[in-house]
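Letters go in sequence order (proteins before strands), and every chain restarts at 1.
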There are 4 protein chains.
Amino acid sequence: MTKRLPEDPAKKARMLTAAIQLFAEQGYEPTHVDQIAQQAAVSKGLVFKYFTNKEQLYLAALTAANQQFMTVIDRTVWQNSADLSAMIINATRYKIQLQLQFPAEFNLLMTAFVHQQQLPASSQAYVQKMFVANHDLTSELMTPVVALLQFKPGATAADLLEVIGYITNGYIHKIQRYLAAHPEITKIEQMEPLIQDLATKLKLVESGFIQG
Amino acid sequence: MTKRLPEDPAKKARMLTAAIQLFAEQGYEPTHVDQIAQQAAVSKGLVFKYFTNKEQLYLAALTAANQQFMTVIDRTVWQNSADLSAMIINATRYKIQLQLQFPAEFNLLMTAFVHQQQLPASSQAYVQKMFVANHDLTSELMTPVVALLQFKPGATAADLLEVIGYITNGYIHKIQRYLAAHPEITKIEQMEPLIQDLATKLKLVESGFIQG
Amino acid sequence: MTKRLPEDPAKKARMLTAAIQLFAEQGYEPTHVDQIAQQAAVSKGLVFKYFTNKEQLYLAALTAANQQFMTVIDRTVWQNSADLSAMIINATRYKIQLQLQFPAEFNLLMTAFVHQQQLPASSQAYVQKMFVANHDLTSELMTPVVALLQFKPGATAADLLEVIGYITNGYIHKIQRYLAAHPEITKIEQMEPLIQDLATKLKLVESGFIQG
Amino acid sequence: MTKRLPEDPAKKARMLTAAIQLFAEQGYEPTHVDQIAQQAAVSKGLVFKYFTNKEQLYLAALTAANQQFMTVIDRTVWQNSADLSAMIINATRYKIQLQLQFPAEFNLLMTAFVHQQQLPASSQAYVQKMFVANHDLTSELMTPVVALLQFKPGATAADLLEVIGYITNGYIHKIQRYLAAHPEITKIEQMEPLIQDLATKLKLVESGFIQG
DNA sequence: AATGAATGAGCTTTCATTCAT
DNA sequence: CATGAATGAAAGCTCATTCAT
């Protein structure tokens, strides 16, 4: 009944899952196609049949991880927030959720940027494009909320977005390291203190740290 | 009187310089010991005699790059600053200077963090330690200046330092990308606009972006 | 009445045709069973079902090509010739005709001899036998005509046959190269100059090149 | 004392000898670089260091075999012959000598022509050129002797050269097969009957097989 | 009977490491 | 001490062959 398809989606998924995990854990070069095949419980040959070569497999893993987030992503998290702080907190909480849910995908995307230099130029462009698109999406989602703010003279929405970008980016890395060091954490609630800490800091960035 | 060292310091230095440059440019795996030996104008055998294996060589290059900055570093840049903004600007200007002066060392240290995962656990710890030490140094240098500030209730020096850390870190990456894209830039003056932009942003972080 | 054969003759024929063509064009190793199956519009599995393995397929292709000529061959071409020259010309013209009609089969047989060494000893013997049989047939066909000649003292029919064999063999290769280089040639008439040239040469061999 | 050279001529020679022998015996594809390395008593890696890749190794083997004959070749064999028959016999005797002395080189060159189709186009051109050069040399050597002959009307030197070419070529193959089947033959004298047979045939070609 | 997805042995090639000189 | 020729384990990839469907 289950006709064998030219590409078995279950197998392809297993390969991608294995690729995502191993590339994320070990990086591009130290990960061997053999390993991925073994972890996916398929033969080496099949990996090459489905993905042509190691580089394409890496790119496919990256795309799959990205797609994963793109399909899962809940824009309302950004859109239904009362103010900037609430939005960032929602977004961060959401990102942590994703990180808990899809840790390998998350890690792969986080490290992909630096592995670029090890890929052929053509693939680098592809990775680059993906990251730009992601960044654009985030900006697009945040823009309407920031637009409502009353900025001090000399301050602009763009400035604030850039600064917030640096902070959240740094914070996401912090959280990632934290989660890597505490594998027992499985629920978003356990991360609430960190989230609140970020909230406080962002609030202070909005209103200023310094008296007077 | 001085015991003749079995190691030729000039050759060792050349090896490290070559290693720093090539590891920085290409990453760990794609850099071959052959290349390093050739660029250092020594034999491959000598590289292994001095550094045991490729991994140790990488670690030595990292340490050397770090040392380079540690020796060169001018603490007065941090200490002789009137206020926080001035200090950060001075520090950033100084970092850009270093980046222009020692681009390979700078890039190596910037990418080292992500190459960690490709090293054996023992080496990872070493790299980790180096980064922590660096971070601690920066904090130590900044602490006295931040201590003078009058913080709003709920805000702490540690909070501000952390936030500033994220921002400067993000900004350093931005500058690095900028410099990589504009190799014609050789003087710190040409980077002044970016530095001023960072200053503005940090000022706004101190006092707040939002009206009221 | 006629037992239903488990083998579909049409499919088998397609496989053999494809095998003949591809083996002739590319040689044994560079030709993949995949290609043959695809060109024959059957599945790879069927190829193995019908021919056991690649080597047997090659042998079958060879046999089929040989059979092709054996069935088609018109003995009257040899038998109804007035004299030796006429016979050789008739035979050569006939061979060119076959070459134009069945180029793949022709090329396969021409190259088979040298591909022998790449086959297991048992198959080599088979190929060898086929070539000997072919040679014997040619001799057999020529013998009655040569028997009528009046040989000089010291000359024998066998000598002449052998010499003619070398010449026609060399000439067939020449023609094959010529046809490969001129794919626009499709009619025997276009080859007439070469045939006449061969005739002249054979005539000279019979009567001698040298004055006196 | 024996300084290790960047290319050890003894090793290189061993590799080439092994390559020549194995490529000659087995053909291009069925010969594995592993085998050649083993037979040459060097590591696989060294073969690639010296010859870049398998194809280059094949070409090097071919060139070496060709060179072997070119350096060894004794033109006087052709030049100091009283008449055509004597020349051909001398040349053939000489070729058999070479074949006995360098059987692998001889076989490699004999089979190279047909292995062409298995090589990349660029290498095909190289092989082609080598064969043309060889053919040209033979023609050049024979021309002066043939020029002295008195040809019958309708016969030309070129015709005779071509015919002789076919015959000697066919005969060389015959001899090669004979030697392959009789490995106990090591001296040229043992081949004398075949040589005399060829002489007889060529004489008959000159003067004609047929009475009147 | 027919398919073609799946397998894995085996190939070429690379490069960290060794060691004779 | 210094060299770089030599090594061979291990990588990516191919393709004849198998076998579940």
Side-chain angles (χ1 to χ4, degrees), chain A residues 1-8 11-12 29-38 41-57, chain B residues 4-8 11 29-38 41-57, chain C residues 4-8 11 29-38 41-57, chain D residues 1-8 11-12 29-38 41-57:
Chain A
M1 201 101 289
T2 46
K3 183 78 170 299
R4 256 202 292 166
L5 291 167
E7 289 214 342
D8 184 329
K11 280 179 186 161
K12 191 166 191 179
E29 294 267 13
T31 299
H32 309 317
V33 178
D34 263 331
Q35 283 178 51
I36 292 171
Q38 192 164 12
V42 294
S43 70
K44 210 188 331 175
L46 203 62
V47 178
F48 284 97
K49 191 165 196 190
Y50 278 45
F51 299 100
T52 307
N53 58 36
K54 191 183 172 184
E55 192 203 328
Q56 294 299 318
L57 173 58
Chain B
R4 258 207 302 128
L5 282 170
E7 291 193 349
D8 181 332
K11 281 180 183 169
E29 294 269 11
T31 298
H32 308 322
V33 179
D34 263 330
Q35 285 177 50
I36 292 171
Q38 191 166 13
V42 294
S43 73
K44 214 189 325 178
L46 206 61
V47 177
F48 281 92
K49 179 134 208 205
Y50 280 40
F51 298 100
T52 307
N53 60 33
K54 191 183 175 182
E55 190 205 329
Q56 294 300 318
L57 173 58
Chain C
R4 257 206 304 129
L5 283 171
E7 291 194 349
D8 181 333
K11 282 180 183 169
E29 294 270 10
T31 298
H32 308 320
V33 179
D34 264 327
Q35 285 176 50
I36 293 171
Q38 190 166 13
V42 295
S43 72
K44 211 190 325 179
L46 206 61
V47 178
F48 283 92
K49 181 134 207 207
Y50 280 40
F51 299 99
T52 308
N53 59 33
K54 191 183 174 182
E55 191 204 327
Q56 295 300 318
L57 173 58
Chain D
M1 199 103 290
T2 47
K3 184 75 172 300
R4 257 204 290 167
L5 292 167
E7 288 213 341
D8 184 329
K11 281 180 185 161
K12 191 166 191 179
E29 295 268 12
T31 298
H32 309 316
V33 179
D34 262 332
Q35 281 178 53
I36 292 171
Q38 193 163 12
V42 295
S43 71
K44 214 187 326 176
L46 203 62
V47 178
F48 284 96
K49 192 164 194 192
Y50 279 46
F51 299 100
T52 307
N53 59 36
K54 190 183 174 183
E55 192 203 330
Q56 294 300 318
L57 174 58

Could you check how far [atom1] of [X] sits from [atom2] of [N], rounded to whole Å?
| X | N | atom1 | atom2 | answer |
| --- | --- | --- | --- | --- |
| C/L57 | F/dT17 | CG | C1' | 13 Å |
| A/D8 | F/dA20 | CG | P | 15 Å |
| B/K54 | E/dT14 | NZ | P | 15 Å |
| B/L46 | F/dG4 | CG | P | 11 Å |
| A/F48 | F/dT14 | CZ | C1' | 10 Å |
| A/F51 | F/dT14 | CZ | P | 16 Å |
| D/Q35 | E/dC11 | CD | C1' | 12 Å |
| A/D34 | F/dA11 | CG | P | 7 Å |

Would you mind classifying the nucleic acid contact of [X] as base, sugar-phosphate or nothing, using non-hydrogen atoms under 4.0 angstrom?
| X | result |
| --- | --- |
| D/K49 | base |
| A/K44 | base |
| D/K12 | nothing |

Which heavy atom in [X] sits nearest to a heavy atom in [Y], and how many Å separate them?
| X | Y | answer |
| --- | --- | --- |
| D/P30 | C/E29 | CG-OE2, 3.8 Å |
| B/Q56 | B/T52 | CG-CB, 4.2 Å |
| A/F48 | A/K54 | CE2-N, 4.2 Å |

Ignoring backbone atoms, test whether A/K11 places a side-chain nitrogen or oxygen under 4.0 Å from the OP1 or OP2 oxygen of E/dA6.
-> yes
Would you please confirm or rule out a distance under 4.0 Å between OP1 or OP2 of E/dA6 and any side-chain N or O of A/Y50?
-> yes
First encountered from the 5' end of DNA chain F, between C/G45 and B/V42 | B/V42
By nearest nucleotide on DNA chain F, pick out whichever of C/T31 and A/E29 is the more 5' one.
-> A/E29
Decide if atom CD of B/Q38 counts as having more than 12 heavy atoms of other residues, nucleotides or ligands within a radius under 6.0 Å.
-> no
Nearest-nucleotide 5' precedence on DNA chain E, B/H32 against C/S43 = C/S43
Pairing partner of E/dA16, by Watson-Crick or G-U wobble and under 3.5 Å for both distances, is F/dT7
Base partner of E/dC11, which must satisfy Watson-Crick or wobble distances under 3.5 Å | F/dG12
Are any of the side-chain heavy atoms of A/D8 and A/Y50 separated by less than 4.5 Å?
-> yes
